[in-house]
Amino acid sequence: MANASEPGNATSNSGGPKTGFTVAAGTRYALLHEGDVQICWLNHTRTLVSKILSSKYLRRWEQHHVVLDQGEIRSASPCGVMESPILYSAIEDMGKWDTGQKFCLRITVGDGSMLLQAGNAYLRDQWLYSIKWKRAVHRYRRILTNNQRPEVLMKEIKSLIDMSLKTQLQDDSIHQVPLEIFSQLLVKNPELIEKADQECLIRHMAPLLEDNQPSIEIAEFFSKICRDSPRSEIVTSIFTPIIQRILKHTSDFGKFPRLRMFVQDYILALNSQNDGTTSVKAFIKSMHGPASACPHHRVLYNLVSVCLAAIYSCFEDGVYHTIPEHKTTPSSTSSSMSSLESSDQTPGSDRKTTFNTRACYPGDTSPKYTPDEKRKIYGPNIMSSVDSLVDNGKAFGVLNNELYKSHGAEGRVNGHCREDSNMDSSVESVNSQGTKSDVAVNEVKLRMDYNDLGATGYTIGTRPKRPNVDIDGNLHFSPKLQYPQKMVPVTGLGGKNGVLRVKSLLITDKVMAERVTRCFVTILEEMSTYEDWRPGLAMLLHPIPFPKGALTNDTFAKHMRNVILTFAGDERCEVHCMILPVREGKDGWFHIFCPGSSTCNDEGEVFSAVVDRLMNCLCNKRKKFLTSLMKEEMRGPSLLLALRGDKTLIKVLCLILEMNIVIDNDLKLQLIATLESTDYGQMMYSILCQKQSQLRELQKEGGPTCLTMPSKSTDADLVRILSSGSFGNLVSLSLAFTQVTSTCAEHLIKLPTLTYLNLWSTQFGDAGLILLSEHLHKLQVLNLCETPVTDKGLESIKAMKSLQHLNLNSTKLSPDTYELLKENLPGLRSMDIRYTDAW
């Protein structure tokens, strides 16, 4: 006998909002799919012989293993009375038949009745409700599949959902069957769904989705509702519990990218409300719950996955570059693709993208695979669909490649596709006669197919390169084609008018990209305010899982700055230590928000807060941390903040001197000069000198011979440090990549021993250069690369007779001035004039 669940009370919740559905009460039964029963056949012919044979004393019972299929009742070993299956459509009536203390079930068909005998009343009822359910589902499938009237669709779907909620059966598949049927309708007959009352449909389905995940097709349908009607009551009321369940119970968005897409569209719909940011924060609060610790551990990881994928779609899918409006012909497509591939790619760029979708046309086969081999690779379903499309001469598309496991659904083309080395990479179509026709590139929109943080598939117009694997094990391919602007259906996919399945956000312009970025980075900022989420969030963000474009975006940097400040303010080591790099030689958030970096948009507040927290935490690693601050990339920002009076960095410089971390005397003297440039620094340095008298003795010997100002230093910073101590011995001064101007020249001329001056990429102009040429006659090396000097100032250099090396790269040097300098500087050994008019 098949296993049957014991009688019990109904415990299911009532239906969703505004539905009015009630769940059946009383005894519940598990849904049977097969089992062993006794079967007897009764003929309806009323002859004397048939009546005698149908009497209870002469009935012939047979033991069968009965299977309840989708469309029929059959025996696992067809013989006897079950030699032929019984179709559900042929059943006229069915009910209990308990004569003679036998627990039987009677199924009436056209020419007779079949009796099924069970061991007890509970098992008999279990068979009765299971067959009734299978029969009803078969009927609904047939009606809904062949129906073309919206009012009939609404009535039958409502009836099907009502039946699934009120049935005595208790099984996971009961509520999934209506969702599965509706998913098939979305694929096979999307026009009918468009004509129906979609709001009413969603309200009917809401109770089923409280305990079930929506399918790929339903998630895509819901996403469209969120995009088309973001302020609808459906979004804010009905979709909210569905989204909450997805975030609480989904274990891997990589397997269900459409669900992640639905969550993203829902959040963007909330963000489009009048109080968008408040609504999004309220949603995050509801996901966390009122307690101090969130009871659902998957919520944090799923929310971070949603945010990362959305931010990647803004910066890694080429949304800031669109295909120009023009037509392409088959003969010019390849060249057009090549120009598009190279238009926005800078030399040496290693920028990667997850935009990988490929369209191709029939008739383009590869000698590598025979038809049988292709069937093994792609699967029989996709090849049969492709064959029919080729026969009809219609264009078709490839959904996914072998790396992505698509979800099965009746009426869809599903499977895997491999790259064909001889397949033409141009974008073409085939008309009804099978000939190639022109394609308007601006009429094609391709959307990405994500796996968690990344996507899989192939790029139009290119061969796939070796994939990169991110921290979550997802694949990314190198970019070639940028993001087109419009979307057209691809005939032959997903039923009548299929489209390439969307697996990432559809970002169409910079304004939308900015809005999406602000929305999802605000979620990360809000999540960082919850103490129990902070360790997990810090761990997930530790490797900086964002594209380079995001790190240089002002909106992203503004909100991430608050996240890092929150991490720095947390006393737990597992939180604030995540600001440091993952390993030696790799940048961490500490480096990203370092003054001078493209992400840092403050005056070093984040950098100072992080240093203060790490200095108070890493007692046993303090010396190692202080040593890292004196490395070349971190030394400049540390000195600059101390020069501007930051108390944390002033204390750090004192500790560096006290622990004798710096060996070079010139660098020590520069640290001392930096400390003495502020009142607080002078106080801290005097306290330090009381402990270590050798520092004062070193200072008395004379100032440093070499000085390098931190990047982004201003004229005021230079004046402050030059006026803080003795620099009479200064020989080398580097102001490269600072913000100094000609104003500082009046202080530079007070350095008579200066022989090396580097002004690369500063705003030092003609007025300052003329002043230097009048006083710094011992100067031997002068670097004016990428400065705004002109011939007016450059002509004055002829007075510097000691010059041996002069760099005028990328300046406004003219050929006449170049010849003038060569004639008047006899000791000149080298002069760099690249990228000038004299070159």
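Between the side chain of Ser742 and the main chain of Gly765, a donor-acceptor pair closer than 3.5 Å is present. Without hydrogens or angle criteria, Arg613 side chain to Ala568 main chain gives a donor-acceptor distance under 3.5 Å. The backbone N or O of Leu707 sits nowhere less than 3.5 Å from a side-chain atom of Asp666 that would complete a donor-acceptor pair. Judged by distance alone, with hydrogens and angles left aside, the side-chain atoms of Thr836 form a donor-acceptor pair with the main-chain N or O of Ile833 at under 3.5 Å. At least one donor-acceptor pair under 3.5 Å links the side chain of Thr753 to the backbone N or O of Leu730. Side-chain N or O atoms of Ser597 include one that pairs as donor or acceptor with a backbone N or O of Ile592 at under 3.5 Å. A distance-only check finds no donor-acceptor pair linking the side chain of Asp766 to the backbone of Gly768 [under 3.5 Å]. With hydrogens and angles disregarded, no donor-acceptor distance shorter than 3.5 Å links the side chain of His591 to the backbone of Glu633. Counting only distance, with no hydrogens or angles, the side chain of Gln780 and the backbone of Leu803 share no donor-acceptor pair below 3.5 Å. When atom types are taken as modelled, the side chain of Ser830 and the backbone of His805 share no donor-acceptor pair closer than 3.5 angstrom.
Atom-to-atom distance recorded for Thr755:OG1 and Gln804:CD is 9.5 Å, nearest 0.5 angstrom. Put simply, OG1 on Thr787 and CG on Leu769 are 8.0 Å apart, with the number rounded to the nearest 0.5 Å. With values rounded to the nearest 0.5 angstrom, Leu820 atom CG is found 10.0 Å from Leu794 atom CG. With values rounded to the nearest 0.5 angstrom, Cys600 atom SG is found 10.0 Å from Glu605 atom CD. Expressed to the nearest 0.5 Å, how far CG of Leu671 lies from CD of Glu676 amounts to 12.0 Å. Between the CG atom in Leu806 and the CG atom in Leu784 there is a gap of 6.5 Å [rounded to 0.5 Å].
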Steps toward side-chain hydrogen bond (donor to acceptor under 3.5 Å, both in side chains) verdict (Ser608, Asp646): CA-CA 8 Å; Ser608 178; Asp646 188 283; 3.0 Å; yes
Derivation of the side chain to side chain contact (heavy atoms under 4.5 Å, CB included) call for Ile721 and Met709: CA-CA 9 Å; Ile721 194 169; Met709 290 296 294; 3.8 Å; yes
Worked verdict on Asp717 versus Arg644 for salt bridge (charged side-chain N to carboxylate O under 4.0 Å, His left out): CA-CA 7 Å; Asp717 297 326; Arg644 293 178 178 177; 3.0 Å; yes
Side chain to side chain contact (heavy atoms under 4.5 Å, CB included) between Gln682 and Thr678, worked out: CA-CA 6 Å; Gln682 290 178 4; Thr678 61; over 6 Å; no
Side chain to side chain contact (heavy atoms under 4.5 Å, CB included) assessment of Ile564 paired with Ile579: CA-CA 7 Å; Ile564 302 305; Ile579 304 175; 4.2 Å; yes
CA sep, side-chain torsions, deciding dist, call: Trp589, Leu541, side chain to side chain contact (heavy atoms under 4.5 Å, CB included): CA-CA 9 Å; Trp589 290 109; Leu541 300 184; 4.1 Å; yes
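Between the side chains of Ser814 and Asp791, at least one donor-acceptor pair of N or O atoms lies under 3.5 Å. Side-chain atoms of Lys668 and Asn660 include a donor-acceptor pair closer than 3.5 Å.
Here Glu819 pairs with Lys822 in a salt bridge; the nearest charged N to carboxylate O distance falls below 4.0 Å. Taking the charged nitrogens against the carboxylate oxygens, Lys798 and Glu823 have no contact shorter than 4.0 Å, which rules out a salt bridge. A salt bridge is absent between Glu514 and Lys558: the closest approach of a Lys/Arg side-chain nitrogen to an acidic carboxylate oxygen does not fall below 4.0 angstrom.
Within the 4.5 Å cutoff, the side chain of Leu772 has heavy atoms near those of the Leu757 side chain. Taking 4.5 Å as the limit, some side-chain heavy atom of Leu675 sits within range of a side-chain heavy atom of Ile650. Side-chain atoms of Met630 and Ile656, non-hydrogen and from C-beta on, do get closer than 4.5 Å to each other. Side-chain contact between Lys712 and Thr738 is absent, with no heavy atoms from C-beta onward closer than 4.5 Å.
Taking the six-membered ring where the residue is Trp, Phe607 and Phe590 present parallel rings, their angle staying beneath 30° rather than reaching 60°.
Atom OH of Tyr680 has more than 12 heavy atoms from other residues, nucleotides or ligands within 6.0 Å. Within 6.0 Å of atom NZ in Lys792, 12 or fewer heavy atoms from other residues, nucleotides or ligands are found, so the atom counts as exposed in its surroundings.
For the side-chain contact (heavy atoms from CB on, under 4.5 Å) with Glu746, the lone residue among Val719, Leu771, Asp715 that qualifies is Leu771.
Between Cys314 and Ala513, the closest heavy-atom pair is SG-O, 3.5 Å.
Side-chain rings of Phe546 and Phe315 stay apart, their centers remaining 6.0 Å or farther from each other.
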